[in-house]
Amino acid sequence: MRRLLLLILVGFAVSLTSCRNDFEFESSTGNLSFSKDTVYLDTVFTNIGSSTYTLKVYNKSDKNISIPKVQLAKGEASKYRMMVDGMPGKVFDNVELLAKDSMFIFIEVTANVIDANTTDFLYTDQILFGEGSNTQKVELVTLIQDAYFIYPGRVQNPDESYTYDELNLGLDGDGNPVRIRGRFLEESNPTNGNELHWTNEKPYVVYGYAAVPSNKTLVVDAGARVHFHAESGLIVANNASIHVNGAHSTTAALENEVIFESDRLEPDFSEVPGQWGTIWLTQGSTNNQLSNLTIKNATVGILVSGNDGTPSPTLALENTQIYNCSNVGILARTGNIEGKNLVINKCGQASFAGSFGGSYEFVHCTFANYWSRPNQTAVALDDFIQTSSGYIIEPLTKANFKNCIIYGSSNLSINLQKKGTTTPFNYNFDHCLLKFVDYSNLFTSNPLYLFSNTNLYTSCLIATNSSINKPDFENPTNNLLKIGENSAAKGTAKTQYSTFNDLLNQNRTGATDMGAYNWALFD
């Protein structure tokens, strides 16, 4: 046993001796390799920190090396930040890298637009590796965008926490006040000026909820860009309005489109649902008009709580697109909505949900839903709210869909639920293309889906399987909903309803097409 122990100790000593050369480091001679020669940090807003980007550094030689310096060229004055070997800083000495090994460098930036070049608004720097003639470099480039920032005020508490401005949303079912972080927009804000007029001069970035005060109107000019932080959105109060005055664009830059989306500008976040809250038209908001507006990546694109009590629509939509909502594209409760050239796609529950009754009129709209998981629908209508004591019923006075496409990746593109027995539940699909694949014959005896009833379904095309009456969308998973030459919707619309141009401002002439787009050859 003693002899065995001695052999183990000798072997351990020999192993230490044989490995000692592995930890001898030679000074780097400039033969490093990099995963990229330029790190482009995507556009950031002034004084708002970027996401973290990575650079991989390779030592492909057979020798362990020590890099004399790894540093930002602008040194401590740089607006970039790095983490090397788990240590934050801007200048690092004698960074060791084993033979045939690599390491990650993590990079972030927070800069003001005044730090950027005045001509192109780029803020640049370099990461330098080594010293003297052996120095290698990797470029850093970031576009800095100036913006108007709208955020709730805050007061620091004695425990160093903060109390933020809040909006009072009324009482919940138990009589408790409901509050949300945010503030009302001001006509004479000391920093932003008139916050009830959003222009296209520079983007708007909203933290918390911005609210339009009662008896005021928020006007949004063509070409405006609005970015919402997580858990943020816009609230239109009782007797308040929003007017989005977008216009048709002539270039791929969508220079006249108004765009509401999140404040994550990186390409990896460009199509991620649920990054911000909603545009909330509260009970009593009035005369809301949205034209040439795109809403992307919200939880609920537009939430309509009730109506203003007049025959006129509380919300009028024209040439509006809503994509990638984690819950619903438009959720209306007893709403009063009219829409034309409306396109909605990729929503976790429904593209349009007219719940708890209401009045709705849609012409030449495309309600698609190609959400990545099943059980979603394109259009849902019902007349009730369920409570602990039963159902509260509100009449569906009108739900007219004319020349519309209602389709998606799930089998059932419409979901109709009626609980009222004496109140109206009025709906009509007129010259529409509907997907309704009832493989198990669960709905054959349900009168709500009696497609032969021309009072409910007038000259409609029903896709009862995946082979017939296909819309031939260009690429619905990427929100490209133009229809192609082989679309069943081509030339099958009712021309009497086709009194306005399509979503791309193309004339509807001759035999017109269902949906928001005229058919076209795909690019």
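The chain is numbered in sequence order, starting from 1. Atom set for the values below is all heavy atoms of this structure, side chains included, hydrogens, waters and symmetry mates excluded.
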**Message:** Please tell me whether Tyr360 and Phe352 form a close aromatic pair, meaning their ring centres lie under 6.0 Å apart.
**Reply:** yes
**Request:** Check whether any side-chain N or O of Asn112 sits under 3.5 Å from a backbone N or O of Asn47 as a donor-acceptor pair, and report yes or no.
**Result:** no
**Message:** Could you check whether any side-chain heavy atom of Leu481 comes within less than 4.5 Å of a side-chain heavy atom of Tyr517, counting everything from C-beta outward?
**Reply:** yes
**Request:** Taking atom types as modelled, find out whether Asp308 and Thr286 have a side-chain donor-acceptor pair closer than 3.5 angstrom.
**Result:** yes
**Message:** Please check: side-chain N/O of Gln417 versus main-chain N/O of Leu381, any donor-acceptor pairing under 3.5 Å?
**Reply:** no
**Asked** Looking just at side-chain N and O atoms, do Asn400 and Asn428 make a donor-acceptor pair shorter than 3.5 Å?
**Response** no
**Asked** ring-ring contact (aromatic ring centres under 6.0 Å, His included) with Phe362: which of Phe367, Tyr427, Phe429, Tyr497?
**Response** Phe367
**Within 6.0 angstrom of Asn168 CG, more than 12 heavy atoms from elsewhere** = yes
**Message:** So Phe425 and Leu448, do their side chains get closer than 4.5 Å, heavy atoms only?
**Reply:** yes
**Prompt:** Quick one: are Thr421 and Ile393 in side-chain contact, heavy atoms under 4.5 Å?
**Reply:** no
**Asked** Does the Thr512 side chain pair with the main chain of Arg508, one donor and one acceptor, at a distance under 3.5 Å?
**Response** no
**His243 side, atom NE2; His197 side, atom NE2 - distance, nearest 0.5 Å** = 12.5 Å
**Asked** With distance as the sole test, does Ser487 use its side chain to make a donor-acceptor pair with the main-chain N or O of Pro471 at under 3.5 Å?
**Response** yes
**Message:** Does the structure place the NZ or CZ of Arg333 under 6.0 Å from the centre of the six-membered ring of Phe356, at an angle of no more than 45° from the ring's axis?
**Reply:** no
**Prompt:** Are any of the side-chain heavy atoms of Leu218 and Trp198 separated by less than 4.5 Å?
**Reply:** yes
**Asked** Once you round to the nearest 0.5 Å, how far does CG of Leu461 lie from NZ of Lys470?
**Response** 14.5 Å
**Request:** Would you sort out whether Asn486 and Asp472 count as a side-chain hydrogen bond (donor to acceptor under 3.5 Å, both in side chains), showing the intermediate values?
**Result:** CA-CA 6 Å; Asn486 297 317; Asp472 190 25; 4.5 Å; no
**Message:** Given 3.5 Å as the limit, does a donor-acceptor pair link the side chain of Asn307 with the main chain of Pro313, or not?
**Reply:** no
**Asked** Is a side-chain donor or acceptor of Asn465 paired with a backbone partner of Ile468 at a separation under 3.5 angstrom?
**Response** yes
**Message:** If the test is side-chain contact (heavy atoms from CB on, under 4.5 Å), which one of Thr217, Ile235, Val236, Leu281 qualifies with Val212?
**Reply:** Val236
**Request:** Side-chain contact test, heavy atoms from C-beta onward, threshold under 4.5 Å: evaluate it for Phe121 versus Val113 and give yes or no.
**Result:** yes
**Prompt:** Are Gln289 and Glu318 close enough that some pair of their side-chain heavy atoms sits under 4.5 Å apart?
**Reply:** no
**Asked** What do you reckon, are the aromatic ring centroids of His227 and Phe260 less than 6.0 Å apart?
**Response** no
**Prompt:** Checking Ser359 side chain against Thr397 main chain: does a donor-acceptor pair fall under 3.5 Å?
**Reply:** no
**Request:** Flag the pair Arg183 and Glu166 as a salt bridge only when some basic side-chain nitrogen lies within less than 4.0 angstrom of an acidic carboxylate oxygen.
**Result:** no
**Prompt:** Side chains of Ile330 and Ile337: does their closest heavy-atom pair fall under 4.5 Å?
**Reply:** yes
**Request:** List the steps, then state whether side chain to side chain contact (heavy atoms under 4.5 Å, CB included) holds for Asn479 with Asn324.
**Result:** CA-CA 9 Å; Asn479 293 321; Asn324 311 328; 3.2 Å; yes
**Asked** Under a 4.0 Å N-O cut-off, is there an ion pair linking Asp383 with Lys418?
**Response** no
**Request:** Taking Asn117 for its side chain and Thr119 for its backbone only, find out whether a donor-acceptor pair lies under 3.5 Å.
**Result:** no
**Message:** Taking OH in Tyr40 as the centre, count heavy atoms belonging to other residues, nucleotides or ligands within less than 6.0 Å. Is the count above 12?
**Reply:** no
**Message:** Would Thr43 and Thr142 count as a side chain to side chain contact (heavy atoms under 4.5 Å, CB included) here? Give the steps.
**Reply:** CA-CA 6 Å; Thr43 305; Thr142 306; over 6 Å; no
**Message:** Quick one, Val205 and Ile48 - any side-chain contact, counting heavy atoms below 4.5 Å?
**Reply:** no
**Message:** Using a 6.0 Å distance limit plus a 45 degree cone around the ring axis, check whether Lys202 lies over the aromatic ring of Tyr148.
**Reply:** yes
**Fill in**
Here the gap from Glu195 atom CD to Asn189 atom CG, rounded to the nearest 0.5 Å, amounts to 4.0 Å
**Item:** Salt-bridge criterion met for Glu271 and Lys296 (N-O under 4.0 Å)
**Value:** yes
**Prompt:** Taking the six-membered ring of Trp371, is the NZ or CZ of Lys346 close enough (under 6.0 Å from the centre) and on axis enough (within 45°)?
**Reply:** no
**Request:** State whether the side chain of Ser249 and the backbone N or O of Glu257 hold a donor-acceptor pair below 3.5 Å, judged by distance alone.
**Result:** yes
**Prompt:** Side-chain donor-acceptor pair under 3.5 Å between Ser409 and Gln376, yes or no?
**Reply:** yes
**Asked** Minimum heavy-atom separation for Cys347 to Ala350, with atom names?
**Response** CB-O, 3.4 Å
**Item:** Test log, rule salt bridge (charged side-chain N to carboxylate O under 4.0 Å, His left out), inputs Glu361 and Lys402
**Value:** CA-CA 8 Å; Glu361 176 101 4; Lys402 302 175 180 178; 2.8 Å; yes
**Prompt:** Which distance, rounded to the nearest 0.5 Å, do you find between the OG1 of Thr423 and the CG of Asn426?
**Reply:** 9.5 Å
**Asked** Does a side chain donor of either Ser355 or Asp382 reach within less than 3.5 Å of an acceptor in the other side chain?
**Response** yes
**Request:** Verify side-chain hydrogen bond (donor to acceptor under 3.5 Å, both in side chains) between Asn475 and Thr477, making sure each step is shown before the conclusion.
**Result:** CA-CA 6 Å; Asn475 189 340; Thr477 57; 2.9 Å; yes
**Gap separating the CG atom of Leu456 from the CG atom of Asp430, nearest 0.5 angstrom** = 11.5 Å
**Request:** Tell me yes or no: between the side chains of Asn403 and His431, is some donor less than 3.5 Å from an acceptor?
**Result:** no
**Request:** Any chance you could lay out the side chain to side chain contact (heavy atoms under 4.5 Å, CB included) test for Asp115 and Ile144, step after step, and finish with the verdict?
**Result:** CA-CA 9 Å; Asp115 301 316; Ile144 310 296; over 6 Å; no
**Item:** Pair Gln145-Thr46, side-chain hydrogen bond (donor to acceptor under 3.5 Å, both in side chains): steps then yes or no
**Value:** CA-CA 6 Å; Gln145 243 186 326; Thr46 187; over 6 Å; no
**Request:** Establish, yes or no, whether a centroid distance under 6.0 Å links the rings of Tyr207 and Phe228.
**Result:** no
**Prompt:** Does Phe384 have Lys419 sitting over its ring (NZ/CZ under 6.0 Å from centre, angle to axis within 45°)?
**Reply:** yes
**Request:** Test side chain to side chain contact (heavy atoms under 4.5 Å, CB included) on Leu521 and Trp519 and set out the steps.
**Result:** CA-CA 7 Å; Leu521 295 175; Trp519 83 270; 3.9 Å; yes
**Message:** Less than 3.5 Å apart, any donor N or O on the side chain of Asp221 or Asn200 sitting next to an acceptor on the other?
**Reply:** no
**Prompt:** Do the rings of Phe443 and Phe436 sit parallel, tilted or perpendicular, given the 30° and 60° boundaries?
**Reply:** perpendicular
**Item:** Side-chain donor/acceptor of Thr299 to backbone N/O of Ser326, under 3.5 Å
**Value:** no
**Asked** How about His229 and Asp263: does a side-chain donor come under 3.5 Å of a side-chain acceptor?
**Response** yes
